[in-house]
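First the proteins, then the strands, lettered A, B, ... as listed; each starts at 1.
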Amino acid sequence: MPEARTFTWLERPARMESFREIEEFVLDAGRAARLPEEKLWKLRLALEELVVNIIQHAYSPAECGSVEIGWGSDRPGEFSVEIRHAGVAFDPLSQEEPDLTLDVEHRVPGGLGIFLARKMVDQITYRYANGINVLSLRLLS
Amino acid sequence: MIDVQCLEKANGLVVVVAGRLDAQTSTQFSSLSAEVLGRGSKNIVLDLSRLKYISSMGLRSILNLAQALNAGGARFAVCGLQGMVAEVFEITGFASVLKTFETPEEALSDA
């Protein structure tokens, strides 16, 4: 059972047009929580990689799915984000890491986004319960 | 959000990319890349010194450009990596799989 925390949420259609608003929602909160500049771009990058992945893959084109983003900063020096969606069950953290040593000709682009997202945050977990995918991110400043 | 300028130099083409190269601008970058390819230069340098942000979608569009240029027998290098862009290139290994230089002059003259 997760500990009780105060989160502020935004729900938007899982479409590319929603992304800029989602990004601003989280980054404004990050700035208000006084995250340093480096943590802010890391947060922005992790968010883009994870949310765009959901927008592209979580729902079939016929579905009008949504994505929910929440942030909380209950303790000083700690900033948490949760990303939820009711699309196909998918644990991005179970993906294999891409081979970063391959030369230009043999590089395949897949898997890079999730790999980057994982490197950007201090902690990331995934859970699936009652038909909802939940990604929890934590940044320590 | 993204601005691309081409500078025709005596020994090659410098493509200066400014702004953000992400999920929202990478399509635009890819169509500008097609234009760059159409110029037929055999020595192309991507100057990223004015790029503020890059994500995996941006990396992918650079990789596509590099592969297309290699396939056409052109030389491709990047220069001016700084800040978060340099860090993302480092983490993903792009800094070692692509030819990287400090300045466009160095990148062009190394050919």
Side-chain angles (χ1 to χ4, degrees), chain A residues 12 14-24 26-27 30 35-58 67 83 92 95-121 139, chain B residues 1-2 19-30 33 37 44-46 48 51-78 81-101 107:
Chain A
R12 285 293 178 269
R15 295 209 305 240
M16 277 309 293
E17 301 88 88
S18 306
F19 182 70
R20 193 63 79 209
E21 201 184 344
I22 291 171
E23 182 183 54
E24 282 312 308
V26 176
L27 289 181
L35 283 182
E37 206 51 47
E38 191 194 350
K39 288 287 173 182
L40 283 173
W41 71 250
K42 288 186 167 175
L43 174 62
R44 177 190 203 171
L45 184 53
L47 195 68
E48 176 182 327
E49 301 299 354
L50 297 168
V51 173
V52 168
N53 199 56
I54 291 167
I55 290 170
Q56 291 178 334
H57 303 297
V67 56
I83 306 168
Q95 276 201 325
E96 267 185 54
E97 289 202 354
D99 186 343
L100 304 177
T101 61
L102 291 176
D103 62 26
V104 173
E105 290 312 306
H106 299 98
R107 270 273 180 148
V108 281
L112 211 50
I114 302 296
F115 168 80
L116 267 177
R118 297 182 72 154
K119 293 278 179 195
M120 293 301 109
V121 296
L139 285 97
Chain B
M1 281 303 181
I2 189 165
R20 295 174 57 157
L21 197 41
D22 59 16
Q24 301 200 305
T25 59
S26 61
T27 321
Q28 205 184 336
F29 178 78
S30 296
S33 295
L37 287 168
I44 291 174
V45 175
L46 203 57
L48 303 181
L51 190 66
K52 298 279 175 264
Y53 174 89
I54 191 165
S55 69
S56 68
M57 294 282 270
L59 290 173
R60 191 175 302 196
S61 57
I62 290 178
L63 183 66
N64 288 340
L65 177 63
Q67 288 176 338
L69 287 169
N70 279 4
R75 179 181 172 280
F76 178 72
V78 295
L81 299 173
Q82 38 71 45
M84 81 77 78
V85 177
E87 205 160 324
V88 170
F89 265 69
E90 207 56 55
I91 293 169
T92 55
F94 269 58
S96 40
V97 297
L98 295 173
K99 296 185 187 77
T100 57
F101 298 88

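Salt-bridge formation is not detected for the pair Glu49(A)/Arg60(B): no Lys NZ or Arg NE/NH1/NH2 atom is positioned less than 4.0 Å from an Asp or Glu carboxylate oxygen. Remark: Lys42(A) engages Glu87(B) in a salt bridge, criterion side-chain N to carboxylate O under 4.0 Å.
Every residue two or more places apart in sequence or in another chain that forms a side chain to side chain donor-acceptor pair (under 3.5 Å) with Gln24(B) is listed here: Arg20(A).
Here the CE-CD distance, from Met84(B) to Glu38(A), works out to 10.5 Å after rounding to the nearest 0.5 Å. Atom OG in Ser55(B) sits 11.5 Å away from atom CG in Leu47(A) (nearest 0.5 Å). Distance CZ/Phe19(A) to CG/Asp22(B): 7.5 Å, rounded to 0.5 Å. To the nearest 0.5 angstrom, Ser56(B) atom OG is 7.5 Å from Leu45(A) atom CG.
Other residues, nucleotides and ligands contribute over 12 non-hydrogen atoms within 6.0 Å of the CD atom of Gln82(B).
Closest heavy-atom contact between Thr101(A) and Val97(B): O-CG1, 4.3 Å.
Contact annotation for Leu59(B): only side-chain heavy atoms (C-beta onward) come within less than 4.5 Å of a heavy atom of chain A. With a 4.5 angstrom heavy-atom cutoff, Phe76(B) does not touch chain A via any of its atoms.
Ranked by heavy-atom pairs shorter than 4.5 Å toward chain B, the options Gln56(A), Met120(A), Arg44(A), Met16(A) are led by Arg44(A). Here Gly93(B) is the residue among Gly93(B), Ala71(B), Ser96(B), Ala66(B) with the most heavy-atom pairs under 4.5 Å with chain A.
Side-chain contact between Phe115(A) and Ile91(B) is present, with heavy atoms from C-beta onward closer than 4.5 Å.
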*Stepwise salt bridge (charged side-chain N to carboxylate O under 4.0 Å, His left out) check, Glu23(A) with Arg20(B)*: CA-CA 14 Å; Glu23(A) 182 183 54; Arg20(B) 295 174 57 157; 3.0 Å; yes
*Stepwise side chain to side chain contact (heavy atoms under 4.5 Å, CB included) check, Thr92(B) with Lys119(A)*: CA-CA 10 Å; Thr92(B) 55; Lys119(A) 293 278 179 195; over 6 Å; no
